[in-house]
Each structure stands twice: as C-alpha cells, then as structure tokens.
Number of protein chains: 2
Amino acid sequence: MSSVAGSFKLMKSLNRTLVLNSIRINGAIPRSEIAKETKLTAATVTNIVNELISEELVLETKPGISSGGRKPILLTINSKSRYVFGIDVGVNKIRFAIADLEAKIVVKETEKIFHPLNNEDFLELLTSKLQIMFKNFGEKKSKIVGIGIAMHGIVDNKNGVALLAPTLKLKNIPIKTVLEKEFGIPVRIENDAKTLALGEEWYGHGQSVKDLVCLNIGEGIGAGIILNHKLFHGNDNSAGEIGHTIIDINGPKCSCGNYGCFQSLASGHALKESALREISLGRTTLLREKCHDKLENIDGLLIYQCALKGDSLSVELLQKTGRYIGIGIVNIIHFLNPPLIIIGGGVSRAKEFILPSIYEVIDAKSITPNNTQVVVSKLGEDGSLIGAFTLVLSELFNSINSSLS
Amino acid sequence: MSSVAGSFKLMKSLNRTLVLNSIRINGAIPRSEIAKETKLTAATVTNIVNELISEELVLETKPGISSGGRKPILLTINSKSRYVFGIDVGVNKIRFAIADLEAKIVVKETEKIFHPLNNEDFLELLTSKLQIMFKNFGEKKSKIVGIGIAMHGIVDNKNGVALLAPTLKLKNIPIKTVLEKEFGIPVRIENDAKTLALGEEWYGHGQSVKDLVCLNIGEGIGAGIILNHKLFHGNDNSAGEIGHTIIDINGPKCSCGNYGCFQSLASGHALKESALREISLGRTTLLREKCHDKLENIDGLLIYQCALKGDSLSVELLQKTGRYIGIGIVNIIHFLNPPLIIIGGGVSRAKEFILPSIYEVIDAKSITPNNTQVVVSKLGEDGSLIGAFTLVLSELFNSINSSLS
DNA sequence: GATACTTAATTAAATAAATTAATTAAGTTC
DNA sequence: GAACTTAATTAATTTATTTAATTAAGTATC
C-alpha cells in the first residue's frame with residue numbers, strides 16, 4: 001500500500017506545511033485568516049506560527065486594518081532568512097545563482113564549458129565555482145540551505161546522479177554525493193525539462209493547478225510532467241521523453257534512429273533542417289543574406305529574427321513548426337487531459353508566429369470538449385534556474401520528508 | 001497547496017487503513033507481523049485490530065506456529081461480512097454481479113439491451129434488475145455496502161454522471177443520484193477502461209506497482225491510467241482517450257474525423273477494415289468461407305479463430321495490429337515511462353499472435369534503457385466487472401474520505 | 001465618553017491517539 | 001522446571017490538537 005503511517009510527527013508536519021504555505025502564497029496574512037483558510041483552529045495556528053517565528057522563517061510585519069475589532073498582525077515569509085543555490089547546466093555554459101526564499105535572484109554568474117571534458121573536469125568546474133561564490137557571499141553563506149541543479153539528459157534524482165548527459169558526452173556523474181560531501185548541505189538534481197515544470201508550478205503559470213505538462217522545446221523536445229503537485233519521474237527517470245513519441249510513422253529519420261518522432265518534426269533542430277532544405281531547393285529568403293552564406297549559422301533564433309522582418313519563408317517555417325507542436329499537444333490532451341500545458345524553451349520566443357498555428361491545430365483536432373489551457377512559459381530564460389531553486393525551496397516549504405532544517 | 005490538515009481523525013484513519021490492508025494483502029497475519037510491516041507499535045495495532053474485529057471486518061482465525069514463544073493469532077478479512085454490487089455496461093448487454101470482500105463473485109446475471117433506448121429506459125433497466133437481485137439476496141442484502149458501475153464513454157465520476165455513451169447513444173445520465181436515492185447506499189461510476197485498470201491494480205497484474213497504464217483494446221482503444229495508486233481522470237474526465245492520439249499524420253481517416261489515430265490503425269475495428277480491404281483485393285483466405293460470404297460478419301474473434309487454424313491472412317493481420325499496438329506502447333513508454341503496461345480488451349484474446357509483434361516493436365523502438373513491463377490482462381473477461389467491485393472496495397479498505405461504513 | 005459589541009490572539013484545560021514501558025499469556029529449549 | 005522467547009495486552013506517558021475561557025485592542029452608539 002502507498003499509505004503512510006499516522007503519527008504526531010506527521011500531524012505536526014502537515015499542519016506546519018499548511019500554515020507556512022498559507023503565509024508564503026498570501027504574501028501578508030494574519031493568523032485569523034490562516035485559521036480560516038487552513039481550517040485549523042486559532043490555537044494551533046498560534047502555536048505553529050510561534051515556532052516558525054522562532055526559526056526566523058516568518059516575520060510579524062505591520063498591523064492590518066481592523067474590521068471592527070482588534071487589529072490583525074500581518075505575517076510574511078522572512079525571505080532573507082535563508083538562501084538557496086541554483087545551477088542550470090546548459091550545453092555551452094553553466095549558470096550559477098543564489099536566490100532568497102521568494103526565489104528572487106540576488107547573485108548570478110555564468111561559466112563557459114570548454115569541450116571535451118570528463119566527469120572529474122565537470123565536477124571540478126562546479127565545485128570550484130561554488131566555493132568562490134560561497135566565499136563571496138560573506139557571512140550570509142551560512143544561510144544557504146541547499147543546492148538545486150537543473151541538468152539536461154536523464155537524471156536519477158533520488159541518488160543525485162546524472163545518468164546520461166548527451167551534449168556533454170558524459171555518463172553517471174555522482175553529483176549529489178560529491179557536492180554534499182564538499183559543502184555539507186543538501187543537493188538536489190533534476191532533468192531540465194522537469195525543473196522548468198517545477199519552476200512554472202511554483203512561480204509561473206502553474207500556481208493554480210495540480211497537474212500540468214511543461215514542454216521544453218529547444219534543439220530537442222522534453223517534457224516535465226507534474227501530477228498532484230509532484231514531478232512524475234516514471235520507472236527509469238525517463239518520463240517526459242516526449243520528443244521521441246512517434247506522430248508520423250513514415251516521417252523523417254530522427255537522431256534516435258526511429259522515424260517520425262515528435263522532435264524530428266517540431267524542434268529547433270527540425271526547424272533548421274527545413275530551412276536548409278528549402279534553401280537548397282533555391283528558395284529566396286532573407287536567411288541566406290543574414291547568415292552571410294554560412295548556412296550552418298542558421299538556427300532558430302535567426303529564423304525568428306528574419307520572420308520578424310517579414311521574411312516569408314521564415315514565417316512559414318515557424319507556422320509549420322507550430323502545427324507540428326499542435327499535433328504533439330493534441331496527443332498530450334488525449335492521453336493525459338491535463339488542465340494546463342506550458343510551452344517553454346527556445347521556440348517559445350517566437351510565440352507570435354507559432355502560437356496561432358498551435359491553437360488552430362488544437363481546435364481542429366481535439367475530439368473531446370476539452371478545457372486544457374495552453375500557454376507560453378511565464379519564467380522565460382530563467383525558467384530552469386528558478387526551477388533549480390525550487391528543487392530546494394519546495395522541500396523547505398513542504399517540510400514533510402525533508403532533510404532540510 | 002495540496003496538503004491536508006493533520007488531525008487525530010486523519011492519524012487514526014491512516015493507521016486503520018495500514019492495518020486493514022496489511023491483513024487484506026497478506027491473507028492471514030498475526031498482530032506482531034502487522035506491527036513490523038506497518039512500523040506501527042504493537043499497542044496501536046492491538047487497538048486498531050480490536051476496532052476492526054468489533055466492526056466484523058476482521059476475524060481471528062486459527063493460531064499460527066510458534067517460533068519459540070507465545071503462538072501468534074492469525075487475522076484475516078471477514079470476507080462475508082459485507083458485499084458489493086458490480087455492474088458492467090457493455091454495448092449489447094449489462095452484467096450484474098454481487099461479490100464478497102475478496103471480490104469473489106457470488107451471484108452473476110446478464111440482461112440484454114434492446115436498442116434504441118433513452119435515459120429513462122436505461123435507468124429503469126438498471127433499477128428493476130437491481131431490485132430483483134437485492135430481493136433474491138435475502139437477509140444478506142443489508143450487507144451490501146455499495147454499487148460500482150463500469151461504463152464505456154466519458155464518465156464524470158465525481159458527480160456520478162455518464163456524460164457521453166456513444167454506443168448507447170445517450171448523454172448526461174445521472175446514474176449516481178438516481179440509484180443512491182433508490183437504494184440508499186453509495187454508488188460509484190467509472191469509465192470502463194479506467195475500471196479495468198483499477199481491477200488490475202487491486203486484483204490483477206498491477207498489485208506490486210504504484211503506476212500503470214491499462215489499455216482496453218476492443219472496437220476502439222481506451223486507457224486507464226493509475227498514478228500513485230489512484231486513477232487519473234484529467235481535467236475533463238477524458239484522460240486515457242489514447243485511441244485518438246495521432247501516430248501517423250498521413251494515416252487513414254478515423255471515426256473522429258482526424259487522420260492516423262492510434263485506434264484507426266490498431267483496434268478491432270481497424271483489424272476488420274484491413275481484412276475487408278485484403279479480401280476485396282482478391283486475397284484467398286479462410287475468412288471468406290467462415291463468414292459464409294457475409295463479409296459484415298467478419299470480426300476480431302473470427303480473424304483470431306481463423307489464425308488459430310493457420311489462415312495466413314488472419315495471422316498477418318493480427319501481427320500487423322500487434323506492430324501498431326507496439327507503436328502506441330512505445331509512445332506511452334516515452335511519455336510516461338510507467339513500470340507496467342497492461343493490455344486488455346478483446347484483442348488480448350489473440351495474445352499468441354499479437355504479443356510477439358508488440359515486443360519486437362518495443363525492443364526496436366524504445367530509445368531509453370527502459371524496464372517497463374508489458375503484459376496481457378490477468379482478469380480477462382471479468383476485468384471490468386471486478387473493477388466495478390473495486391470502485392467500492394477500494395473506498396472501503398482505504399477508509400480515508402470514504403462515505404462507506 | 002462610557003458601555004456594548006467585534007475581532008484577534010493567547011492561554012488553560014480537556015481530549016484523542018500514539019508511544020513507551022511494564023505485564024500477562026503461552027509457548028520453547030535444554 | 002528454570003530460563004528464555006515471542007505475542008499480545010494494559011497502564012502510564014507524551015504529543016499535539018481541540019475546546020473553552022481570557023486577554024488585547026479595537027469600533028459603534030447613544
């Protein structure tokens with residue numbers, strides 16, 4: 001059975017979580033309101049709030065407005081009482097940042113990755129940069145309670161191992177073990193699409209739903225699936241490998257060897273391939289000029305920029321991509337029927353071109369009277385980074401099972 | 001937030017559930033073992049077991065074997081202390097059954113459906129048959145604690161309304177309201193693919209996993225998705241409409257209007273269509289003889305029977321269907337990566353022909369080192385019916401939030 | 001502007017149900 | 001048959017909630 005044993009500890013932990021998140025989500029709220037919202041008694045709320053205040057997680061701020069009786073005392077999260085580290089490992093660079101309890105970035109730096117590198121190089125790169133940033137954070141460094149890492153590829157989040165990172169050409173990097181030994185605070189690692197989804201759930205468009213699918217469409221296509229407020233990992237940590245679901249049995253060959261994968265038709269990579277094909281057929285386009293006749297320089301960003309300038313091929317290509325993305329989304333709707341699907345990653349920059357095509361396909365092809373909302377990522381560029389903070393913050397705020405203080 | 005408030009009631013309820021299910025799953029177990037398994041203290045187990053015994057849910061049976069001390073007293077579920085009603089609404093018939101707490105059928109009857117019928121006819125059919133069976137159950141009828149109903153189409157399980165039942169050509173049937181008023185016990189309704197999945201989770205192949213996808217492949221294809229031991233409904237109760245996910249953009253037209261839907265290629269209906277096409281092209285086959293030249297009589301069952309007799313076209317058709325099912329399963333693996341996928345419904349009868357093709361496609365096309373198990377339904381014919389019992393039994397055994405006694 | 005009412009928050013007493021520790025029950029082993 | 005084991009129960013303690021009463025700090029009204 002899945003059920004957990006009831007105990008005083010669990011009871012306390014559940015209620016503490018309720019109170020803490022009531023304060024976090026409402027911004028500034030008096031004890032009486034918390035009691036109403038959580039359905040806890042006023043006495044319980046008082047007790048728990050006292051604890052949270054003594055832990056410095058919560059602050060009494062100004063008094064509120066009386067509604068005919070004693071003034072309420074507004075409570076807020078003490079957002080500078082603790083900090084979290086977030087790391088976003090990309091293809092060519094790694095972004096390091098420190099954020100407060102509201103996931104607001106207070107320090108942010110970037111390191112380039114020089115290929116090729118092995119596991120030791122990679123871990124050394126992380127460790128040394130972290131050491132410097134820890135040091136520079138001065139006496140506040142003791143307030144850093146955890147390190148969250150967003151990483152492409154397949155990640156074993158339980159053991160904190162990057163199982164397969166294709167673009168870095170690395171395997172089985174024991175990140176958690178190494179960094180926890182070095183820094184003595186909890187380290188959490190997660191696949192980047194999953195991290196993005198988590199970021200959107202906590203600080204982006206997903207705050208009012210309990211289930212969502214977040215697409216990360218860049219060179220490839222990955223998805224983060226959140227079910228009942230929790231990331232879904234699947235049996236082998238490879239849930240969300242939606243880029244390799246087949247939508248056209250007789251379609252083009254994908255890098256994985258199969259034919260007609262979603263990402264062989266709808267990704268940034270597919271976009272570039274389509275552009276090159278059209279150009280090789282002699283089609284006139286602004287792209288040719290803008291890439292200075294170096295066709296390998298063409299990428300999604302350039303196509304978007306040319307589309308903005310009215311280049312008809314670029315516009316067409318983006319629209320076609322939008323239609324393919326629409327097919328993939330229709331499949332998600334028919335399979336999981338989530339209340340919300342979020343489109344993130346590089347292509348979401350070109351939303352004015354792709355979104356109409358996406359909506360068109362969804363309207364035409366979804367068979368059920370579906371109310372799934374489809375939107376573009378709210379967090380944008382910083383999505384994975386904010387998600388990385390959230391890996392730690394979500395444990396801090398949902399104290400159950402947490403090893404954080 | 002999703003979290004629930006902690007309370008004494010919750011604590012008690014959680015532990016009661018743990019103990020009850022420990023007994024249910026283990027068959028015969030002493031208190032000491034329950035304590036070990038659930039990590040509850042012996043004292044708590046004693047208290048809860050006493051309660052369960054006084055409610056007649058649990059029985060002390062024979063003493064167990066001593067391992068060097070006092071003999072343990074074995075506890076079992078008192079399976080005849082309560083009964084549940086299960087109803088499986090098919091296209092042409094409705095199956096009614098009563099089962100004990102082990103989901104063992106003790107009474108089973110079938111009623112034919114005469115088309116066309118309206119909502120009132122349908123409800124009257126259910127009500128009158130239930131009344132008779134209640135009466136015939138004698139004094140034991142007061143032990144029936146709930147009615148579970150498996151129904152094709154889209155079902156609003158919360159409100160107990162069959163929103164859309166295409167084969168009956170009915171809409172918005174308020175089954176729960178009507179039957180609860182008539183019989184005064186809880187009524188639960190669920191889509192048949194979801195019900196099948198629930199049955200497999202509790203009494204079939206899904207007992208050791210917490211997530212699974214169960215395909216119901218008949219004339220169409222539906223899926224029941226179980227995540228963290230719970231049925232997943234999606235936003236509009238249409239999660240699992242996997243038959244209409246697109247796997248071949250340029251494929252044949254589906255009944256829904258789209259092209260290349262999974263079920264336009266892999267269902268019983270698709271199988272028949274393929275057979276007719278081949279026959280119209282003049283292909284010799286045993287099918288022609290066996291249907292007595294009435295081609296409309298050809299169906300999945302006949303094709304299977306001919307395949308058994310060595311008819312090469314029938315074998316080929318089943319293998320092709322298996323390959324298409326394989327594609328759909330690969331998509332499920334790449335999207336959700338569940339530990340288990342169960343194949344149920346009519347075509348699973350022909351497992352010796354389709355299963356090898358399915359495995360072949362999965363091996364060839366799944367990109368991740370996946371450990372998803374793919375098996376054929378354990379419950380077979382009675383799957384949906386057993387699932388219908390489970391709608392009620394699962395609430396009884398997981399007392400949290402239950403309105404059952 | 002004194003009295004009555006409201007609302008917020010805390011404190012004190014009562015209660016639920018788990019945990020811990022001690023006891024009883026019923027063996028086995030040498 | 002004395003010493004040890006294991007199972008199950010009972011009694012005492014503890015945790016944390018709930019209920020009820022109290023204190024705090026207002027507003028409204030005549």
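Chain identifiers are assigned alphabetically (A, B, ...) following the order of the sequence lines, protein sequences preceding nucleic acid strands; residue numbering begins at 1 within each chain.
Counting to the nearest Å, the C1' atom of C/dA8 and the CG atom of A/L75 are 12 Å from each other. In this structure, the CG atom of B/L40 is 15 Å from the P atom of D/dA8, given to the nearest Å. Atom CZ in B/R31 sits about 13 Å away from atom P in C/dA26, given to the nearest Å. Across the protein-nucleic acid pair, A/L10 atom CG and C/dA17 atom P stand 15 Å apart, rounded to whole Å. For the pair B/I34 CD1 and D/dT6 P, the interatomic distance rounds to 19 Å; values are reported in whole Å.
The residue A/I73 sits close only to the backbone: its heavy atoms come under 4.0 Å of sugar-phosphate atoms, none of a base. Among the heavy atoms of the strands lying under 4.0 Å from A/T41 is at least one base atom, whether or not backbone atoms are also near.
Across all non-hydrogen atoms, the minimal contact from A/S394 to A/L391 is OG-O, 3.4 Å. Of all non-hydrogen atoms in B/L340 and B/G206, the two that sit nearest each other are CD2-CA, 3.8 Å. Contact record, B/L379 with B/Y203: CD2-O, 3.5 Å, taken as the closest heavy-atom pair.
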Restricting to nitrogen or oxygen on both sides, can you table the protein-nucleotides 13-15 of chain D pairs closer than 3.5 Å?
none

Tabulated below should be each protein N or O lying under 3.5 Å from an N or O of nucleotides 23-25 of chain D; please produce it.
| residue | atom | partner | partner atom | Å |
| --- | --- | --- | --- | --- |
| D/dA24 | O4' | A/R70 | NH1 | 3.4 |
| D/dA25 | N3 | A/R70 | N | 3.1 |

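Residues of residues 60-67 of chain B having a heavy atom closer than 4.0 Å to DNA chain D, listed by number: B/S67. Contacts between residues 42-50 of chain A and DNA chain C, defined by a heavy-atom separation under 4.0 Å, are made by A/A42, A/A43, A/T46.
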- [ ] Check step by step if salt bridge (charged side-chain N to carboxylate O under 4.0 Å, His left out) holds for A/K80 and A/E56.
- [x] CA-CA 9 Å; A/K80 304 293 180 193; A/E56 300 187 304; over 6 Å; no

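When the side chain to side chain contact (heavy atoms under 4.5 Å, CB included) test is applied to B/S32, the partners found at least two apart in sequence or on another chain are B/P30. Every salt bridge (charged side-chain N to carboxylate O under 4.0 Å, His left out) that A/K104 has, sequence neighbours left out, goes to A/E102. When the side-chain hydrogen bond (donor to acceptor under 3.5 Å, both in side chains) test is applied to B/T177, no partner is found at least two apart in sequence or on another chain. Residues forming a side chain to side chain contact (heavy atoms under 4.5 Å, CB included) with A/V19 (at least two apart in sequence, or on another chain): A/I23, A/I34, A/L40, A/I48, A/V49, A/L52. Applying the salt bridge (charged side-chain N to carboxylate O under 4.0 Å, His left out) rule to A/K378 yields no partners; only residues at least two apart in sequence or on another chain are considered. A search for side-chain hydrogen bond (donor to acceptor under 3.5 Å, both in side chains) contacts involving B/Q207 returns nothing, not counting sequence neighbours. Partners of B/D236 according to the side-chain hydrogen bond (donor to acceptor under 3.5 Å, both in side chains) rule, which considers only residues two or more places apart in sequence or in another chain, are A/N337, A/N371.
Residues A/S7 and A/E33 each lie close to DNA chain C; by heavy-atom proximity, the contact nearer the 5' end of the strand is made by A/E33.
A/E60 and A/R31 are joined by a salt bridge, as a carboxylate oxygen and a charged side-chain nitrogen come within less than 4.0 angstrom of each other. Salt-bridge annotation for A/R16 and A/E55: present, with a side-chain N of the basic residue lying under 4.0 Å from a carboxylate O of the acidic one.
In DNA chain D, runs of at least 3 stacked Watson-Crick or G-U pairs (N1-N3 plus N6-O4 or O6-N4, or N1-O2 plus O6-N3, all under 3.5 Å) give these stems: C:1-30 with D:1-30.
Checking A/N191 against A/N157 by side-chain atom types alone, no donor-acceptor pair falls below 3.5 Å.
Proximity of A/I77 to A/L20: side-chain heavy atoms (C-beta onward) are separated by under 4.5 Å at one or more points.
Proximity of a side-chain donor or acceptor of B/E180 to a complementary backbone N or O of B/V187 within less than 3.5 Å is detected.
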